[in-house]
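On a predicted model such as this, the values are computed, not experimentally measured, just so you know. By convention in this document, chain letters (A, B, ...) are assigned in the order of the sequence lines, proteins followed by strands, and residues within each chain are numbered from 1.
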Amino acid sequence: MTSADLTRRTAAELADLLASGEVSAREVTAAHLERTRAVDDRTHAYLHVDEEGALAAADEVDRKRRAGETLHAAAGVPIAVKDVLVTRGLPTTCGSRILEGWIPPYDATVVRRLKDAGLPILGKTNMDEFAMGSSTEHSAYGPTRNPWDLERIPGGSGGGSSAVVASHQAPWAIGTDTGGSIRQPAAVTGSVGVKPTYGGVSRYGLVALASSLDQAGPCTRTVLDAALLHEIIGGHDPMDSTSIAGPVPPVVEAARRADVSGTRIGIVKELSGEGFQAGVQQRFDESVQHLVDAGAEVVEVSCPSFTYALATYYLILPSEASSNLAKFDAMRYGLRVWPEGIEDPSAEQVMAATRDAGFGDEVKRRIILGTYALSSGYYDAYYGSAQKVRRLIANEFAAAFEQADVLVSPTAPTTAFRFGEKLDDPMAMYLNDIATIPANLAGIPGISVPSGLAPEDGLPTGFQVLAPAMADDRLYAVGAALEARLEAEWGGSLLGRAPDVQSLPLPAAVPATHTTEA
Amino acid sequence: MTTMTGGTAASAEAVLDYDEVTSAFDPVLGLEVHVELHTATKMFCGCPTTFGAAPNTQVCPVCLGLPGALPVVNAVAVESAIRIGLALNCEIAQWCRFARKNYFYPDMPKNFQISQYDEPIAFNGWLDVEVPAEHGEGTEVFRVEIERAHMEEDTGKSTHIGGLTGRIHGATHSLVDYNRAGIPLIEIVTKPIVGAGERAPEVARAYVATLRDLLKALDVSDVKMEQGSMRCDVNLSLMPKGSSQFGTRSETKNVNSLRSVERAVRFEMCRHGAVLSSGGSIVQETRHWHEDTGVTTSGRVKSDAEDYRYFPEPDLVPIAPSRELVEELRATLPEPPTERRKRLQNGWGFSDLEMRDVVNAGLVELIEETVAAGASPAAARKWWSGEIARRANAEGQDVPTYAGVLGVTPAHVVELESLITSGRLNDSMARQAWEGVLAGEGTPTQVADARGLELVQDTGALEAAVDEVIAANPDIADKIRDGKVQAVGALIGQVMKAMKGQADAAAVRELIIGKLT
């Protein structure tokens, strides 16, 4: 089997090939590393590739397999990890200059679980700085390019994880989703992304953007792969107080059964129609019809408070972020910048100079917003009100789930846009997450599966499914059913129709990013 | 009368005579006490809490605030907090949350402190403390109302190098030890204490002392003020007599001994009095207490209203102690110190005055231990409140601490008393032996041996001396023969002198009386 063949396989297929001894973990890992060497100058999806570490981990799996040791079913299937999860001995920058050069002394629980399962870690993927953004244009290390069209964004913040998967540099990857950072990149790259129930996957070692919203999850090419990965990383962690003490929902079983007969599918009135690109809406409507054809019932539900979700999100997120990011102060780790023109600077002056140089514009914008929203005299009007609306949104979800087993919407309002298109208009950028944010506010799980290509631009569109907390299995049942019908219609996967990245002309440059205003 | 305090010109501030202050103003006190719990592990991680470990050896990603790390609440610390709340007669919250207190400082690893804000674990309590009666003899109970007791984590400890004062000003660099970061703290805040009048300094001291005893009895903290496991901030304001409108307060930080609490309150009253009576106004600020000079100096001005941007800690779930747990914990509470003190006083047979002195000197536990070790209560009180107390006071320390420094133990007192009761030493010899013990010369027996302290047991020599003195004082001898026994004192003195003090005065007395009656 050629290495190109290996990178075309799903994680589940690779697991079977490895288990049967047909291929070694080293071969699989080396194939993906080779692919990265061939294409990542075009995608810039990785911030750090750990060839040595990944191959060593693969060799260890091969050794254990030869020795007859019991291995995890997915042992030897390599993976990429978003650079927001700490990895012992591997750089973790969160896409920020302020963490340049920092080598964490510990592993995130998610990373620990990947290692325990024998998944070689290929590298760390690019992202918007501290996961703030919907395009990876806010990465301090330059943006990731969409494998479908190198002039376009791969989504964000986890554009790197979706791009490595979509460009076959990794069979699967870990992303994190605070307001859509797994699902929106999945939608615009034609891949699958899942945000599990809040608390379903440990946040220990996930560098916090907004603690009450962040959730790590799978980025894959198939629904089954996502379920397999979800099972590896999910479950209670005593190191995370907000982690749910209970078993991982039966996600793999649901993905395999792909059964939607009798499932009530709720279309959220507020999450479609106006503001959604015609082709996106069209593919969404077709997908709903597929589910009906597969035996689902359709109901329409209304969640009026969703209108306020974006505003609520942009008060809660910056508030928590302003506090979470306070630790980056040059005192203990990461960047340290001496202020110019001050002979004997104080600790505060060093902190200020470092934060000025180390944080990008979007990060500064949100720190300032959050600091303001939490300030004495404004707290009740901003943070306090936002928490109330958040409660309303959760209540409306609960009411909607009385009428429907799952809720559906287009994942993102548009297909991938061009670099620079929304960089100077934060509001336009924020609107990308209009359909994904409500799930984070309510702590419920969501999936994005490919729904086709928009007729007007030939770019991927995503179909979002939302389920009640701890009913993550429903995402997989609906996602897998839709995937099966669409792939039957297309005669293969959507990504099978993507252009070969290697053959795409390398764009001269992308617009300057991460500028610090003078 | 207004005088200037000592120190540099910058720190010198006018103070008013204490009596003048209390005749014109009523003080309003507020005491904030931080107590480090002596749990085995930190508040939000599994790091050990041993005091005095090498810097930065008791740290992990959580208490260092490394990116990605998350806190997990120490259940034992929560139980300790509830027990403290119950012992302070507080209500225990049905449901409460932690909050983040945001501010930048190098010894704060996350640049926010996990604390509690508007939802403390315990609130609305009181603590009765004993102070000298307002009129006349004895003591009376003063009730201090408790606003709240809440949980939080300690910060790291900064050491500023190169400056003259040990403060950051003038330092060339600073060292930070994060061993202390994340140690569980309980902050206990009183409601404004009014009505203490001229006894405000004593009330403040008695409150902190009683609180310390209570926390010690609860076995939740080492409560060693000198090691910082109990730290006190004193808030004070004055209002003109007859007014009920509180004045502007100052916050004196880190007043870390009982004696300093009393002195700091008194100093701040005198300082406020001077400012107010000269028509000035008090600046709301934090003040530094100087143990050596007994004055406070201006710290940070708080007029720019510090904004800590509190919000509920999203990394932790709410604390909702069941009522069953609360009742279980209530059943573990020790005897309240005030009641305990009454019981001990009765058992020891001390007068009110004796007991008060013992309590004020912080000797209750020491005497209790000494009695438990075998000494009589009277001997325990006598030896712990004598020479050692005088020296401890001169060193600005309390007796238990000072005894610890000297290595003097209850066993020493027991041994000293047995040397007296066995007839080896008389009282003045015992005092010499005790001095030797305090000087580090060894146990009382070792000191007595080394210094040759021993009553003359040779009755022949003693009888000869008695006979000689009787012969030399026929007039006195006759008086005694006539029944005026009180005259024996004069002869005892001469015999003791002849024996160079190495005789038991009681035995000499008996011998003389035996010979003359």
At what distance, to the nearest 0.5 angstrom, does OG of A:S375 lie from CZ of B:R309?
-> 6.5 Å

Above 12 or not: heavy atoms from other molecules or residues under 6.0 Å from NZ of A:K388?
-> no

Taken to the nearest 0.5 Å, the spacing of B:F311 CZ from A:S322 OG works out to 6.5 Å

Can you tell which part of B:D315 gets under 4.5 Å to a heavy atom of chain A, answering side chain, backbone, both or neither?
-> both

In short, B:P314 meets A:T242 closest at the heavy-atom pair O-CG2, 3.7 Å

Measuring heavy-atom distances to chain B, does A:N324 have an atom under 4.5 Å in its side chain, in its backbone, in both, or in neither?
-> both

At their closest point, which heavy atom of B:N111 faces which heavy atom of A:R332, and how far apart are they?
-> ND2-NH2, 4.3 Å

Would you mind checking which part of B:F112 comes under 4.5 Å of any heavy atom in chain A, side chain (CB onward), backbone (N, CA, C, O), both or neither?
-> side chain

CG of B:L70 to OG1 of A:T109, rounded to nearest 0.5 Å, is 8.0 Å

Just give me the residue among A:S323, A:A347, A:G384 that pairs up with chain B most often, heavy atom to heavy atom, under 4.5 Å.
-> A:S323

Does a sphere of radius 6.0 Å around NZ in B:K157 hold more than 12 heavy atoms from other residues, nucleotides or ligands, not counting ones at 6.0 Å or beyond?
-> no

A:Y383 side chain reached by B:P312 side chain, heavy atoms, under 4.5 Å = yes

When heavy-atom pairs shorter than 4.5 Å are enumerated against chain A, which of B:P71, B:G65, B:G46 gives the highest number?
-> B:G65

Between CZ of B:R100 and OG of A:S211, what distance do you get to the nearest 0.5 Å?
-> 4.5 Å

Smallest heavy-atom separation, A:K327 atom then B:G68 atom, equals NZ-N, 4.4 Å

For B:Y178, is it the side chain, the backbone, both or neither that has a heavy atom under 4.5 Å from a heavy atom of chain A?
-> side chain

Contacting moiety of A:S319, where chain B heavy atoms sit under 4.5 Å | backbone

Go through A:S376, A:S346, A:P105, A:S212 and name the one with the most non-hydrogen pairs under 4.5 angstrom from chain B.
-> A:S376

For A:Y204 and B:P61 the tightest heavy-atom approach is OH-CB, 4.0 Å

Residue A:P104 versus chain B: region with a heavy atom under 4.5 Å = neither

Mind listing the closest non-hydrogen atom pair of B:V72 and A:P238 along with its distance?
-> CG2-O, 3.3 Å

Spacing of B:D307 atom CG and A:Y379 atom OH [to the nearest 0.5 Å] | 12.0 Å

Tightest non-hydrogen contact, residues A:A326 and B:F104, listed as O-CE2, 3.3 Å

